Colleague: 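The structure under discussion is supplied below as structure tokens; questions concerning it will follow.
Bear in mind the structure is a predicted one, so any value in this text is a computation, not a measurement. The figures that follow rest on heavy atoms only: side chains count, while hydrogens, waters and symmetry mates do not.
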Amino acid sequence: QGAGDERERAMQYLATVAKHAEQLSNLVNDLLNLSRLDSMPAVLTPRPVDVSRIAARVAELMSPAAEKKRQRLIVQSGADAITVIGNGGQLERAIANLVDNAIKYTREEGSIRLSVSHISARVIVEVVDDGIGIAPTDLPRIFERFYRVDRSRSRDMGGTGLGLSIAKHIVQSHGGTIEVQSTPGAGSTFRAILPGAEPLPAEEKDS
């Protein structure tokens, strides 16, 4: 349409192409991840994993996205290892998906807290935000594949509608459960509950 001769219009078109290409790439990657998870009868290569260290890595990975919206991303965990038996890469993906969801649906200058605790032989991973919240009618379906509370907002932010489903699948494959509590306009709490394990020896801590 002649945009090739007008740099400003050409850059606008290219930005749109890049945005949609990234969304398609994210969708394909999420579909491939779900397919792999569906095909696995159990967790691959389970071993002792320090969830506190995973949470710290997730916070480091997600900090640029939070900083872009001037949000505070806070990590809380004890000084000692908090251990589960599982796959570190999968658990990192699940926690990252929960944090990513919180960043997307929390307003600018909001706050997100990622905490890990060990209570009564269970490991609790919580992601708490003060974002837009979720309506009661949407809560029962929030972990369904492709379900979006706000479809237009999700598309604008590049969401695939699969992140929470992947997180739930991973948590359940580790023998855990995942739940959500939310108040519209006040924020949400996503809570993953996993079976705990004995603390890791120093030389075996997940890196």
Colleague: Grab the two heavy atoms, one from Asp50 and one from Ala81, that are nearest each other, plus how far apart they are.
Modeller: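 The answer is OD2-CB, 3.5 Å.
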Colleague: Any link between Leu61 and Ile166 through a network of hydrophobic side chains (Ile, Leu, Val, Met, Phe, Trp, Tyr) touching at under 4.5 Å?
Modeller: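 Same cluster: Leu61 reaches Ile166 through Ile, Leu, Val, Met, Phe, Trp or Tyr contacts under 4.5 Å.
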Colleague: Could you report the tightest heavy-atom contact between Ile54 and Gly88, atom names first, then the distance?
Modeller: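 Shortest heavy-atom contact: CD1-O, 3.8 Å.
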Colleague: Within the side chain of His174, is there an N or O that forms a donor-acceptor pair under 3.5 Å with the backbone of Asn87?
Modeller: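 Judged by distance alone, yes, a pair lies under 3.5 Å.
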Colleague: Please say which of Asp130, Asp129, Thr106 ends up in a side chain to side chain donor-acceptor pair (under 3.5 Å) with Ser111.
Modeller: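 Exactly one candidate clears the test, Asp130.
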Colleague: Tell me if a side-chain donor or acceptor on Ser165 pairs with a main-chain N or O of Leu162 at a distance below 3.5 Å.
Modeller: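 It does not hold such a pair.
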Colleague: Which atoms form the tightest heavy-atom contact between Gly196 and Val123, and what is the distance?
Modeller: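 Closest approach of Gly196 to Val123: CA-CG2, 3.9 Å.
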Colleague: For the residue pair Asn97 and Ala167, what are the closest heavy atoms and their distance?
Modeller: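 For Asn97 versus Ala167, the nearest heavy atoms are ND2-N, 4.2 Å.
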Colleague: At their closest point, which heavy atom of Val84 faces which heavy atom of Pro195, and how far apart are they?
Modeller: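 It is CG1-O, 3.4 Å.
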Colleague: Using the rule that Ile, Leu, Val, Met, Phe, Trp and Tyr join whenever any side-chain heavy atoms are under 4.5 Å apart, tell me whether Ile142 and Ile95 fall into a single cluster.
Modeller: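 Yes.
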Colleague: With clusters defined by side-chain heavy atoms of hydrophobic residues (ILVMFWY) lying less than 4.5 Å apart, directly or transitively, does Val171 cluster with Phe143?
Modeller: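 Phe143 clusters together with Val171.
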Colleague: Please round to the nearest 0.5 Å and tell me the distance separating atom CD1 of Ile193 and atom CD of Glu179.
Modeller: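 Between atom CD1 of Ile193 and atom CD of Glu179 there are 4.0 Å.
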Colleague: To the closest 0.5 Å, what do you measure between CD1 (Ile132) and OG (Ser188)?
Modeller: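 OG of Ser188 is found 8.0 Å from CD1 of Ile132.
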Colleague: For Ile112, does its backbone N or O pair with a side-chain atom of Gln71 as donor and acceptor, under 3.5 Å?
Modeller: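 Between the backbone of Ile112 and the side chain of Gln71 there is no qualifying donor-acceptor contact (under 3.5 Å).
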Colleague: If you look at every heavy atom in Gly86 and Val49, which pair is closest and at what distance?
Modeller: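 For Gly86 and Val49, the tightest heavy-atom pair comes out as O-CG2, 3.5 Å.
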Colleague: Mind checking whether Val116 and Leu73 sit in one hydrophobic cluster, side chains of I, L, V, M, F, W, Y counted as touching below 4.5 Å?
Modeller: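 Val116 and Leu73: one cluster.
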Colleague: Only one of Ile134, Asn101, Leu98 forms a side-chain contact (heavy atoms from CB on, under 4.5 Å) with Val180, so which one is it?
Modeller: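 When side-chain contact (heavy atoms from CB on, under 4.5 Å) is applied between Val180 and each of Ile134, Asn101, Leu98, only Ile134 qualifies.
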Colleague: Between Lys69 and Glu108, is there a salt bridge with N-O shorter than 4.0 Å?
Modeller: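 No, no charged N to carboxylate O under 4.0 Å.
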Colleague: So, Ser182 side chain and Gly187 main chain: donor-acceptor pair closer than 3.5 Å or not?
Modeller: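 Yes, the answer is positive, given that a donor and an acceptor are paired below the 3.5 Å cut-off.
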Colleague: Flag the pair Ile124 / Arg191 as yes when at least one side-chain heavy-atom distance between them is below 4.5 Å, and no otherwise.
Modeller: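 Ile124 vs Arg191: side chains touch.
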Colleague: From Ile74 CD1 over to Arg113 CZ, what is the distance, rounded to the nearest 0.5 angstrom?
Modeller: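 Interatomic distance, Ile74 CD1 to Arg113 CZ, rounded to 0.5 Å: 8.0 Å.
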Colleague: Could you measure the distance from the CZ atom of Arg53 to the CD1 atom of Ile82? Nearest 0.5 Å is fine.
Modeller: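 These two atoms lie 13.0 Å from each other.
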Colleague: Measuring from Leu194:CG to His118:NE2, what's the distance to the nearest 0.5 Å?
Modeller: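 Going from the CG atom of Leu194 to the NE2 atom of His118 covers 10.5 Å.
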Colleague: Linking I/L/V/M/F/W/Y whenever any side-chain heavy atoms sit under 4.5 Å apart, do Leu139 and Phe190 land together?
Modeller: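 Yes, one cluster joins them.
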Colleague: Kindly determine whether Ile178 and Gln172 satisfy side-chain contact (heavy atoms from CB on, under 4.5 Å), including the steps that lead there.
Modeller: CA-CA 8 Å; Ile178 191 166; Gln172 289 182 334; 5.6 Å; no
Colleague: For atom CD of Glu144, is the number of surrounding heavy atoms from other residues, nucleotides or ligands below 6.0 Å larger than 12?
Modeller: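 Yes.
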